[in-house]
Amino acid sequence: MAALVLERLARRYGEREALSDISLTLESGRTLVVFGPNGAGKTTLLRVLATLLRPHAGEVHVLGAALPQQAWSLRGQVGLLGHEPMLYRELTARENLRYHAALHGVAAERVELLLDAVGLHGRAREPLRTLSRGMVQRVAVARSVLHDPPLLLLDEPYANLDPAAVELVEPLIGPSSGRTRVVCSHDAHAALAEADVVLGLRGGRAALLRPAADVGADEVTELYR
């Protein structure tokens, strides 16, 4: 079963079309990388797939669930890592993860495993407001996979991470995680290296949609001109 099936997806903000006539299929376990300049519709696409926005036209199936009709059945199967960490600054890393674990019915032991995995067990008692942006991003990565979702929606997931931190989180959110992934990125070379399918957006429309093996970095760069 395909993980994503979009047929002529459209989403508007008032009179402005943020997404228009987007159609694609992504098989389970594959990675779709989405490129495009600011305002091209990348974040809107992630928010539709995460059931945070309703499509205004077209058909959207995510992990077999039709949106928006079956959104309720999908939310526990998606991990979203966006520009906002979706964490409470006054709580510690451990408290934040335990809160989200309770929401998903996840055992507290998984919180400790993930704190170790992202290299933050020694800082887990400190309020988030005292941690660096890179450390907060690592906590957000742990939050996004806390409930072991089969689908990850990632908006610039390596932002603020140094090379050592990227190496820590890659098994959780990278290609080796085995999850289906939709990754929004501006880094053509790095993102193409881990993509199976490339979607290039310009003005909410698909200006590029091909297997990653058939796309070069120069072609991605053209999307931004």
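Hydrogens, waters and symmetry mates are skipped; everything else that's a heavy atom, side chains included, is used.
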Participant: By salt bridge (Lys or Arg N to Asp or Glu O under 4.0 Å), which residues pair with R11, not counting sequence neighbours?
Facilitator: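 R11 satisfies salt bridge (Lys or Arg N to Asp or Glu O under 4.0 Å) with no other residue.
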
Participant: Enumerate the salt bridge (Lys or Arg N to Asp or Glu O under 4.0 Å) contacts for residues 86-96, please, sequence neighbours excluded, ordered by first and then second residue.
Facilitator: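 Applying salt bridge (Lys or Arg N to Asp or Glu O under 4.0 Å) to every pair that reaches into residues 86-96, excluding sequence neighbours, yields E90-R129, R94-E112.
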
Participant: Under 4.5 Å between side-chain heavy atoms, chaining through other members, with only Ile, Leu, Val, Met, Phe, Trp and Tyr counted: pull out the rest of the cluster around L113, sorted by chain and number.
Facilitator: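 None, because no other hydrophobic side chain comes under 4.5 Å of this residue.
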
Participant: Could you check whether any side-chain heavy atom of P171 comes within less than 4.5 Å of a side-chain heavy atom of S177, counting everything from C-beta outward?
Facilitator: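 They are not in side-chain contact.
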
Participant: If we only count heavy atoms from C-beta on, is the V139 to V118 side-chain gap below 4.5 Å?
Facilitator: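 No - every pair of side-chain heavy atoms lies 4.5 Å or more apart.
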
Participant: For a side chain to side chain contact (heavy atoms under 4.5 Å, CB included) check, start with the C-alpha distance between T25 and L4, then their side-chain angles and the critical distance, and finish with the verdict.
Facilitator: CA-CA 5 Å; T25 299; L4 300 180; over 6 Å; no

Participant: Show your working on side chain to side chain contact (heavy atoms under 4.5 Å, CB included) between V34 and L46 and close with a plain yes or no.
Facilitator: CA-CA 10 Å; V34 186; L46 290 191; 5.9 Å; no

Participant: Suppose the criterion is salt bridge (Lys or Arg N to Asp or Glu O under 4.0 Å): which pairs have a residue in residues 26-44, not counting sequence neighbours?
Facilitator: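 Applying salt bridge (Lys or Arg N to Asp or Glu O under 4.0 Å) to every pair that reaches into residues 26-44, excluding sequence neighbours, yields R30-D196.
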
Participant: Going only through I, L, V, M, F, W and Y residues with side-chain contacts under 4.5 Å, is there a path from L81 to L128?
Facilitator: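 Result: yes, single cluster for both.
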
Participant: Look at the side-chain heavy atoms of Ile, Leu, Val, Met, Phe, Trp and Tyr, link any pair under 4.5 Å apart, and say whether L9 and Y13 land in one connected group.
Facilitator: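 Yes, L9 and Y13 fall within the same hydrophobic cluster.
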
Participant: Taking only residues two or more places apart in sequence or in another chain, which ones pass ring-ring contact (aromatic ring centres under 6.0 Å, His included) with H186?
Facilitator: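 Per chain and number, H186 pairs via ring-ring contact (aromatic ring centres under 6.0 Å, His included) with Y224.
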
Participant: Over all heavy atoms of both residues, which pair between L26 and V182 is shortest? Give the atoms and the distance, please.
Facilitator: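 Heavy atoms only, the tightest pair is CD2-CG2, 4.5 Å.
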
Participant: Do V220 and L32 belong to the same hydrophobic cluster, where Ile, Leu, Val, Met, Phe, Trp and Tyr are linked whenever their side-chain heavy atoms lie under 4.5 Å apart, directly or via other members?
Facilitator: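 Different clusters: V220 never reaches L32 through Ile, Leu, Val, Met, Phe, Trp or Tyr contacts under 4.5 Å.
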
Participant: Not counting sequence neighbours, list each pair that qualifies as a side-chain hydrogen bond (donor to acceptor under 3.5 Å, both in side chains) and has a residue in residues 65-79.
Facilitator: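 Pairs touching residues 65-79 that pass the test: T51-R75.
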
Participant: Quick one, L91 and P127 - any side-chain contact, counting heavy atoms below 4.5 Å?
Facilitator: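 Heavy-atom side-chain distance check fails, nothing below 4.5 Å.
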
Participant: In chain order, what residues pass the side chain to side chain donor-acceptor pair (under 3.5 Å) check against R123, with sequence neighbours excluded?
Facilitator: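 Side chain to side chain donor-acceptor pair (under 3.5 Å) list for R123, sorted by chain: E126.
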
Participant: R8: which residues meet the side chain to side chain donor-acceptor pair (under 3.5 Å) condition with it, sequence neighbours left out?
Facilitator: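 Counting only residues at least two positions away or on another chain, R8 forms a side chain to side chain donor-acceptor pair (under 3.5 Å) with D21.
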
Participant: Return each pair, listed once, that meets side-chain hydrogen bond (donor to acceptor under 3.5 Å, both in side chains) where at least one residue sits in residues 202-218; pairs must be two or more places apart or across chains.
Facilitator: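 Applying side-chain hydrogen bond (donor to acceptor under 3.5 Å, both in side chains) to every pair that reaches into residues 202-218, excluding sequence neighbours, yields S20-R205, R210-E219.
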
Participant: Sequence neighbours excluded, which residues qualify as side chain to side chain contact (heavy atoms under 4.5 Å, CB included) partners of L168?
Facilitator: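 L168: side chain to side chain contact (heavy atoms under 4.5 Å, CB included) contacts with R138.
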
Participant: Minimum heavy-atom separation for N96 to Y88, with atom names?
Facilitator: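 Here N96 and Y88 meet closest at OD1-N, 2.7 Å.
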
Participant: Under the side-chain hydrogen bond (donor to acceptor under 3.5 Å, both in side chains) rule, what pairs show up with a residue in residues 144-164, not counting sequence neighbours?
Facilitator: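 Of all non-adjacent pairs touching residues 144-164, those that pass side-chain hydrogen bond (donor to acceptor under 3.5 Å, both in side chains) are T43-D155, H83-D155, D148-R179.
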
Participant: Are V169 and V111 linked, directly or through other ILVMFWY residues, by side chains that come within less than 4.5 angstrom of each other?
Facilitator: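 Result: yes, single cluster for both.
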
Participant: Is there a side-chain contact between L192 and V198 in this structure, where contact means two heavy atoms from C-beta onward sitting under 4.5 Å apart?
Facilitator: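 L192 reaches V198 side chain to side chain.
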
Participant: Go through the structure and list residues passing ring-ring contact (aromatic ring centres under 6.0 Å, His included) with H121, not counting sequence neighbours.
Facilitator: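 H121: no ring-ring contact (aromatic ring centres under 6.0 Å, His included) contacts found.
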
Participant: Hydrophobic cluster membership, with links at side-chain heavy-atom distances under 4.5 Å among I/L/V/M/F/W/Y: are V183 and L201 in one?
Facilitator: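 No; L201 is not reachable from V183 via cluster members.
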
